[in-house]
Protein chains: 2
Amino acid sequence: MAIDEVFKALADPSRRRILRMLSKGDLTAGQIGQDFDISGPSISHHFNVLKAAELIRGRRDGQQIVYSLNTTVVQDALTLILDVFAKPGHQETFDET
Amino acid sequence: MAIDEVFKALADPSRRRILRMLSKGDLTAGQIGQDFDISGPSISHHFNVLKAAELIRGRRDGQQIVYSLNTTVVQDALTLILDVFAKPGHQETFDET
DNA sequence: AAGATAATTAGCCAATCATCTAAATATACT
DNA sequence: AGTATATTTAGATGATTGGCTAATTATCTT
């Protein structure tokens, strides 16, 4: 997993919205696009960025591409995000102060 | 806290490195800068981005500016980051699969 | 095989970003 | 007051980004 790609992918609000949508379940490109005011190609570009970060995966189902969250990478990404802030030798879980 | 600023701040590897350094303890601008190959003004720009996201705070101590992590905002930011991936109604902690 | 639908890739453009050098500001020292 | 040190702000520049339209690819339907 490329940490840099992950953080860059998360930098855009549309992409974060896509991730949030997919966290509730798989969706086709079209279903996702309907929720946005931007053009199809622009959405497609966001899919590419998210795929480059390996945060999502797409599989073709007939005419449509069904996108789903790559939960494995999402877990790893969250670990790395927490690492940015974690004091080493201070094994803290998220809820801890 | 401006979520958008937070994610933009995290998008740059130098800024993530700064945060990691500060998570171990406060440091002056100069001490941080020594660890980087980029110019002073560039580092200063990164401080500004991190300050805009309220992730760090700087206080003057004589000639130096001492930077520290804004732990309150860091906590809130982590919550928001987790929200990007969390299925609602599925109260999951970080360690859970 | 022709046309419709779903989505992508290609190519362009304006806006943003990370970096730089030069100049400015703030504090300390002599 | 004058100089050195620490850091920032100002302004410029090349690279990256997010958006668009047009064209392409893949699949389905008739």
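Here is how names work: the chains are called A, B, and so on, in the same order as the sequence lines, proteins then strands, and each is numbered from 1. All values derive from a computational prediction rather than experimental measurement. Every heavy atom of this structure was used, including side-chain atoms; hydrogens, water molecules and symmetry mates were not.
Electrostatic pairing of A:Asp12 and A:Arg17 does not count as a salt bridge here, judged by no charged N lying under 4.0 Å from a carboxylate O. Between A:Arg57 and A:Asp26, none of the side-chain N atoms (NZ, or NE/NH1/NH2) sits under 4.0 Å from a carboxylate O, so this pair counts as no salt bridge. For the pair A:Arg20 and B:Asp83, the salt-bridge criterion is not met [side-chain N within less than 4.0 Å of a carboxylate O].
When all heavy atoms of B:Ser23 and A:Phe85 are compared, the closest pair comes out as CB-O, 3.3 Å. The minimum heavy-atom distance linking A:Val73 with A:Ala53 is given by the pair CG1-O, 3.8 Å.
Under the side chain to side chain contact (heavy atoms under 4.5 Å, CB included) criterion, B:Ser44 pairs with no residue at all, not counting sequence neighbours.
Atom pair B:His45:NE2 and C:dT16:P shows a separation of 14 Å (rounding to whole Å applied). Protein atom CD1 of A:Ile65 is 13 Å distant from nucleotide atom C1' of C:dT5, rounded to whole Å. Here the P atom of nucleotide D:dA6 and the CZ atom of B:Arg59 are 18 Å apart, to the nearest Å. Atoms CG (A:Asp12) and P (C:dA15) sit 17 Å apart, rounded to a whole Å.
Under a hydrophobic clustering in which Ile, Leu, Val, Met, Phe, Trp and Tyr are joined whenever their side-chain heavy atoms come within less than 4.5 Å, directly or via other members, B:Ile3 and B:Val49 fall into different clusters. A:Met21 and A:Val66 fall into different hydrophobic clusters, where Ile, Leu, Val, Met, Phe, Trp and Tyr residues are linked whenever their side-chain heavy atoms come under 4.5 Å apart, directly or through other members.
Within 4.0 Å (heavy atoms only), B:His46 reaches sugar-phosphate atoms of the nucleic acid but no base atom.
The CG atom of B:Asp35 sits 10.0 Å away from the CD1 atom of B:Ile18 when rounded to the nearest 0.5 Å.
Residue A:Tyr67 places at least one side-chain N or O closer than 4.0 Å to OP1 or OP2 of C:dT8. A:Ser42 has no side-chain polar atom (N or O) that falls below the 4.0 Å cut-off from OP1 or OP2 of D:dG19.
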Kindly give the atom pairs (protein nitrogen or oxygen, nucleotide nitrogen or oxygen) under 3.5 Å for nucleotides 22-30 of chain C.
unit_1: C:dT27; atom_1: O2; unit_2: B:Gln63; atom_2: NE2; d: 3.4

Test side-chain contact (heavy atoms from CB on, under 4.5 Å) on B:Asp61 and B:Ile65; report intermediate values, then the result. CA-CA 6 Å; B:Asp61 178 24; B:Ile65 310 276; over 6 Å; no

Given B:Leu22 and B:Ile56, is the side-chain contact (heavy atoms from CB on, under 4.5 Å) satisfied, shown in steps? CA-CA 9 Å; B:Leu22 290 177; B:Ile56 68 170; 3.7 Å; yes

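Of the residues in residues 3-10 of chain B, those lying under 4.0 Å from DNA chain C by heavy-atom distance are B:Lys8. Contacts between residues 47-55 of chain A and DNA chain D, counted as heavy-atom distances below 4.0 Å, involve no residue at all. Of the residues in residues 29-40 of chain B, B:Ala29, B:Gly30, B:Gly40 come within less than 4.0 Å of DNA chain D through at least one heavy atom, sorted by number.
Side-chain atoms of B:Gln31 come within 3.5 Å of backbone atoms of B:Thr28 as a donor-acceptor pair (strictly under, hydrogens ignored).
Residue pairs meeting the side chain to side chain donor-acceptor pair (under 3.5 Å) criterion with at least one partner in residues 45-54 of chain A, sequence neighbours excluded, are A:Arg15-A:His46.
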